[in-house]
Amino acid sequence: MILESFSLKGKVALVTGASYGIGFAIASGLAEAGATIVFNDIKQELVDKGIAAYKEAGIEAKGYVCNVCDEEAVNKMIAQIEKEVGVIDILVNNAGIIKRIPMVEMSAADFRQVIDVDLNAPFIMAKAVIPSMIKKGHGKIINICSMMSELGRETVSAYAAAKGGLKMLTKNIASEYGEFNIQCNGIGPGYIETPQTAPLREIQPDGSRHPFDQFILAKTPANRWGKTSDLVGPAVFLASDASDFVNGHILYVDGGILAYIGKQPK
Ligand code: NAP
Ligand code: GCO
């Protein structure tokens with residue numbers, strides 16, 4: 001039954017940085033498809049906030065405080081999850097940061113911090129879950145990439161470098177572990193309404209839309225910003241048996257931005 005192949009019943013899904021935003025939406029969708037949800041965030045109060053939000057959505061999620069950049073803490077968390085919940089079947093590397101600074105003004109420390117969270121951490125997380133996935137005979141890893149895995153723009157050099165690297169890490173995990181029935185794919189969201197992009201959508205003092213907001217609308221055939229809910233179906237697909245022969249693919253969920261030169265002047 002084709003619909004059965006989208007079910008996540010009996011699966012344990014870990015979504016990083018999922019107290020709110022894209023991670024929360026994806027985790028909620030995976031739960032709706034039947035998965036048991038585990039998530040982490042960097043601060044206890046965020047984890048508590050997340051647990052309350054999942055509860056309100058009718059989801060009994062388990063939350064852990066863990067900085068995904070800290071390999072020792074990650075390995076400890078994975079061991080704790082395997083003991084308390086079960087082996088992780090689905091890992092969504094969602095936790096991420098961005099620093100919008102012109103490159104020549106950006107400190108090496110700032111550059112390194114973005115690379116650490118957005119690229120090194122997905123490596124650490126994947127390395128921690130793959131051995132048990134191999135033993136179990138299957139696994140799904142979904143890396144949350146970006147349009148900046150393909151394109152650059154002013155002030156996001158570190159972020160684009162990290163997300164470009166994350167695209168290639170995705171392809172490499174697929175190449176190295178596909179033989180163990182592990183599929184590693186990416187989701188490349190376009191411009192989505194979350195706290196991370198709130199500064200780009202601020203209403204101007206004169207009440208007009210932020211110039212960047214208008215720019216994105218002109219670049220998006222769908223003529224709207226994405227919602228976190230737009231990412232849920234693609235995530236359920238890539239987390240389910242329905243995508244068992246999809247590997248090393250970045251699924252762009254961007255309203256068509258990457259296909260479009262931009263609205264022509266009237
Ligand atoms: P967000 O609102 O900033 O949420 C990011 C989450 O990750 C927060 O809960 C954050 O916790 C957590 N986090 C950050 N650093 C962490 C660390 N070291 N360890 C554990 N958790 C950490 O971002 P978002 O917009 O939902 O984006 C989620 C993912 O989608 C990111 O990878 C982002 O790059 C990607 N993405 C976003 C868009 C978009 O338009 N929004 C588009 C493409 C891709 P704190 O609150 O404590 O920082
Ligand atoms: C930016 C935005 C983007 C989005 C996303 C686009 O400053 O350009 O934050 O980077 O977050 O990654 O796919």
Side-chain angles (χ1 to χ4, degrees), residues 14-28 39-51 53-54 63-71 73-74 77 92-102 112-125 142-167 169-170 186-202 210-213 215-216 219-220 224-232 234-235 250-258:
L14 167 59
V15 185
T16 65
S19 294
Y20 58 88
I22 287 174
F24 180 82
I26 287 179
S28 304
F39 74 101
N40 76 296
D41 227 308
I42 202 159
K43 301 178 217 107
Q44 187 62 54
E45 59 270 30
L46 264 181
V47 169
D48 296 344
K49 179 184 142 194
I51 290 172
Y54 284 112
Y64 295 81
V65 179
C66 179
N67 177 348
V68 290
C69 302
D70 178 344
E71 186 165 27
V74 166
M77 174 179 70
V92 181
N93 277 314
N94 166 78
I97 62 170
I98 190 167
K99 289 178 186 282
R100 299 183 183 96
I101 305 167
R112 268 196 291 271
Q113 191 190 358
V114 175
I115 298 289
D116 212 18
V117 181
D118 294 3
L119 180 56
N120 294 343
F123 156 76
I124 289 169
M125 290 299 306
I142 301 170
N143 292 322
I144 306 299
C145 297
S146 160
M147 283 173 32
M148 272 59 212
S149 298
E150 301 295 342
L151 302 172
R153 84 171 183 85
E154 301 79 358
T155 76
V156 296
S157 59
Y159 185 82
K163 294 296 187 181
L166 186 56
K167 172 175 76 171
L169 177 64
T170 301
I187 288 177
Y191 280 84
I192 312 292
E193 291 172 344
T194 73
Q196 189 247 52
T197 54
L200 306 174
R201 289 178 281 108
E202 260 160 24
H210 191 294
F212 195 88
D213 181 357
F215 168 69
I216 289 305
K219 292 284 282 181
T220 311
R224 68 173 174 87
W225 282 69
K227 301 194 173 319
T228 56
S229 55
D230 289 318
L231 299 165
V232 171
I250 312 298
L251 178 52
Y252 286 98
V253 185
D254 65 356
I257 293 186
L258 286 176

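All heavy atoms count here, side chains included; hydrogens, waters and symmetry mates do not. Order of listing sets the numbers, starting from 1, for every ligand and every atom in it.
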Note every protein N or O atom lying under 3.5 Å from an N or O atom of ligand 1, pairing the names and giving the distance.
residue, atom, partner, partner atom, Å
ligand 1, 9 (O), D41, OD1, 3.3
ligand 1, 9 (O), D41, OD2, 2.9
ligand 1, 11 (O), D41, OD1, 2.8
ligand 1, 18 (N), N67, OD1, 2.9
ligand 1, 19 (N), V68, N, 3.2
ligand 1, 25 (O), T194, OG1, 2.5
ligand 1, 26 (O), I22, N, 2.9
ligand 1, 32 (O), N94, O, 2.7
ligand 1, 32 (O), K163, NZ, 3.0
ligand 1, 34 (O), Y159, OH, 2.7
ligand 1, 34 (O), K163, NZ, 3.1
ligand 1, 40 (O), G190, O, 3.4
ligand 1, 40 (O), I192, N, 2.9
ligand 1, 40 (O), I192, O, 3.4
ligand 1, 41 (N), T194, OG1, 3.1
ligand 1, 46 (O), Y20, OH, 2.4
ligand 1, 47 (O), K43, NZ, 3.2

Please give the N or O to N or O pairs under 3.5 Å between ligand 2 and the protein, distances rounded to 0.1 Å.
residue, atom, partner, partner atom, Å
ligand 2, 7 (O), R100, NE, 2.6
ligand 2, 7 (O), R100, NH2, 3.4
ligand 2, 7 (O), R153, NH2, 2.7
ligand 2, 8 (O), R153, NE, 2.6
ligand 2, 8 (O), R153, NH2, 3.4
ligand 2, 8 (O), Y191, OH, 2.7
ligand 2, 9 (O), R100, NH2, 2.7
ligand 2, 9 (O), Q196, OE1, 2.9
ligand 2, 11 (O), Q196, OE1, 2.9
ligand 2, 11 (O), Q196, NE2, 3.1
ligand 2, 12 (O), S146, OG, 2.6
ligand 2, 12 (O), Y159, OH, 2.7
ligand 2, 13 (O), S146, OG, 3.0
ligand 2, 13 (O), M147, N, 2.9
ligand 2, 13 (O), P189, O, 2.8
ligand 2, 13 (O), G190, O, 3.3

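Within the 4.5 Å cutoff, the side chain of N40 has no heavy atoms near those of the V47 side chain. Counting heavy atoms from C-beta outward, R224 and E193 have side chains that stay 4.5 Å or more apart. At least one side-chain heavy atom of E150 sits under 4.5 Å from a side-chain heavy atom of Y252. A 4.5 Å side-chain heavy-atom check between I250 and T170 finds at least one atom pair inside the cut-off. Between I51 and F39, the closest side-chain pair of non-hydrogen atoms falls below 4.5 Å.
The 12-atom threshold is not exceeded at CD of E154, counting heavy atoms of other residues, nucleotides or ligands nearer than 6.0 Å.
At a cut-off of 3.5 Å, with distance as the only test, a side-chain donor of T197 or R201 sits close to an acceptor on the other residue.
Considering all non-hydrogen atoms of both residues, G165 and L119 come closest at C-CD1, 3.5 Å.
Ring planes of W225 and Y191: perpendicular class, angle over 60° (limits at 30 and 60°).
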